[in-house]
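Comments concern the structure below.
Note that the coordinates shown come from a computational prediction; the quantities given were computed from them, not determined experimentally. Labels below follow one simple rule: chain letters A, B, ... track the order of the sequence lines, proteins then strands, and each chain is numbered from 1.
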Protein chains: 2
Amino acid sequence: MDYKTKKVLSIGAVSELTNLSLRQIRYYEERNLIDPARTKGGTRQYSFADVEMLISISTKLQEGVSTFELKKERKKQEKANQKQDMIVGQINAFFRR
Amino acid sequence: MDYKTKKVLSIGAVSELTNLSLRQIRYYEERNLIDPARTKGGTRQYSFADVEMLISISTKLQEGVSTFELKKERKKQEKANQKQDMIVGQINAFFRR
DNA sequence: CGTGTAAGGAATTCTGACACG
DNA sequence: CGTGTAAGGAATTCTGACACG
């Protein structure tokens, strides 16, 4: 697990990185578009991958796509990205000092 | 600025990643070994690079090196790493999708 | 020197709900 | 449907200090 997928960001940090409100970020989770981890205390923790996903979601919503449609697309996206992530991951691992 | 140098981690997250106590992390800052950013409210924010530095600090201290000596080494390290970071950064940027 | 801890306060986040539309 | 907000509470973090050594 690298920096991109570690669930370590607070919702406040994510809000700054994405320019989305806390309300929006929590709502997209409610719609199952993202899945943050939780600390023992219950605080949400996100990864940079989640941040990228949120930015993508935000763009799509502005284009008029519903969260329901985004949810359907999600699984396809995941599978499609899986192969590429594996390759990119190996390349990065190879060059990372 | 990539994921590694963005100041977005809470001290709690850093504590988990490094296995260091909040006290230790704050103390190393007091000794000028790390330099976290701050939110408007005053909460500390670290980068993954800080996490790596902290792990390195922790190891050195266990080896008997003082924080004062570590501070002296710091600048040399920074300069030495600068060139390499630049190269690694460009390579990663090239391969990052 | 490096780290633990109790103390009081402030910043951050959480949930459920009402509102608008 | 997607998002704002006020509400009360809980988790997280902050600082300065005392303690040990």
Side-chain angles (χ1 to χ4, degrees), chain A residues 6-74 77, chain B residues 6-74 77:
Chain A
K6 269 201 177 303
K7 302 275 187 174
V8 291
L9 306 172
S10 69
I11 194 169
V14 172
S15 177
E16 283 214 346
L17 291 171
T18 61
N19 239 42
L20 293 172
S21 67
L22 305 189
R23 180 69 161 99
Q24 289 174 305
I25 297 170
R26 294 191 188 114
Y27 179 66
Y28 301 152
E29 173 186 357
E30 190 181 315
R31 303 305 314 234
N32 286 300
L33 298 176
I34 48 173
D35 185 34
R38 296 272 184 158
T39 61
K40 314 85 211 158
T43 300
R44 271 169 268 247
Q45 300 186 295
Y46 304 83
S47 66
F48 277 110
D50 290 328
V51 169
E52 291 187 4
M53 175 63 95
L54 284 167
I55 291 173
S56 164
I57 290 169
S58 172
T59 304
K60 297 284 181 55
L61 287 177
Q62 288 176 332
E63 291 171 351
V65 185
S66 70
T67 55
F68 180 70
E69 292 172 297
L70 287 177
K71 187 175 173 181
K72 287 192 298 180
E73 278 184 46
R74 196 190 177 193
Q77 289 293 138
Chain B
K6 268 201 177 304
K7 303 275 188 175
V8 291
L9 305 172
S10 68
I11 194 168
V14 172
S15 177
E16 283 213 345
L17 291 170
T18 61
N19 239 42
L20 292 172
S21 67
L22 305 188
R23 180 68 163 103
Q24 289 174 304
I25 298 170
R26 294 192 188 114
Y27 179 67
Y28 301 153
E29 174 185 359
E30 190 182 314
R31 302 305 315 229
N32 286 300
L33 298 176
I34 48 173
D35 186 35
R38 297 272 183 157
T39 62
K40 316 83 213 159
T43 302
R44 270 169 270 246
Q45 299 188 295
Y46 305 82
S47 67
F48 278 111
D50 290 329
V51 170
E52 292 187 3
M53 175 63 94
L54 285 167
I55 291 172
S56 163
I57 291 169
S58 172
T59 304
K60 297 284 180 55
L61 286 178
Q62 289 175 332
E63 291 171 351
V65 184
S66 70
T67 55
F68 180 69
E69 293 172 296
L70 287 177
K71 188 176 172 181
K72 288 193 299 182
E73 278 185 46
R74 197 190 177 195
Q77 290 292 139

Qualifying residues under salt bridge (Lys or Arg N to Asp or Glu O under 4.0 Å), relative to A/Lys7, sequence neighbours excluded: A/Asp50
ring-ring contact (aromatic ring centres under 6.0 Å, His included) partners of A/Phe48, counting only residues at least two apart: B/Tyr3
Can you find a side chain N or O atom of B/Ser10 that sits less than 4.0 Å from OP1 or OP2 on C/dT12? no
At what distance, to the nearest 0.5 angstrom, does [atom1] of [X] lie from [atom2] of [Y]?
X	Y	atom1	atom2	value
A/Tyr46	A/Leu17	OH	CG	12.0 Å
B/Ser15	B/Leu9	OG	CG	12.0 Å
B/Leu54	B/Ile25	CG	CD1	6.0 Å
A/Arg23	A/Glu30	CZ	CD	7.0 Å
A/Glu16	B/Gln45	CD	CD	6.5 Å

Nucleotide nearest B/Arg26 when distance is taken to its side chain, options D/dG2, D/dC14, C/dC14: D/dC14
Could you run through DNA chain D and flag its stems, i.e. three or more consecutive Watson-Crick or G-U pairs with both distances under 3.5 Å? C:2-5 with D:17-20, C:17-20 with D:2-5
Atom [atom1] of [X] and atom [atom2] of [N]: how far apart are they, to the nearest Å?
X	N	atom1	atom2	result
B/Leu9	D/dT13	CG	C1'	15 Å
A/Arg38	D/dT12	CZ	C1'	15 Å
A/Glu29	C/dT13	CD	C1'	12 Å

Using a heavy-atom distance cut-off of less than 4.0 Å, which residues of residues 39-48 of chain A contact DNA chain D? A/Thr39, A/Gly41, A/Thr43
Stepwise side chain to side chain contact (heavy atoms under 4.5 Å, CB included) test for B/Ile57 and B/Leu20: CA-CA 11 Å; B/Ile57 291 169; B/Leu20 292 172; over 6 Å; no
Compare every heavy atom of B/Leu33 with every heavy atom of B/Met53, then report the nearest pair and how far apart it is. CG-O, 3.9 Å
Pairwise side-chain contact, B/Ile11 with B/Arg26, heavy-atom cut-off 4.5 Å (strictly under): yes
Listing request: all ring-ring contact (aromatic ring centres under 6.0 Å, His included) pairs with a residue in residues 11-42 of chain B, at least two apart in sequence or in separate chains. none
What protein N or O atoms touch nucleotides 3-7 of chain C N or O atoms at under 3.5 angstrom, if any, and at what distances?
residue: C/dT3; atom: OP1; partner: B/Gln24; partner atom: NE2; Å: 3.0
residue: C/dT3; atom: OP1; partner: B/Tyr28; partner atom: OH; Å: 3.0
residue: C/dT3; atom: OP2; partner: B/Tyr28; partner atom: OH; Å: 2.8
residue: C/dT3; atom: O4; partner: B/Arg23; partner atom: NH2; Å: 2.9
residue: C/dG4; atom: OP2; partner: B/Ser21; partner atom: OG; Å: 2.6
residue: C/dG4; atom: N7; partner: B/Arg23; partner atom: NE; Å: 3.1
residue: C/dG4; atom: O6; partner: B/Arg23; partner atom: NH2; Å: 3.0
residue: C/dT5; atom: O4; partner: B/Arg23; partner atom: NE; Å: 3.4

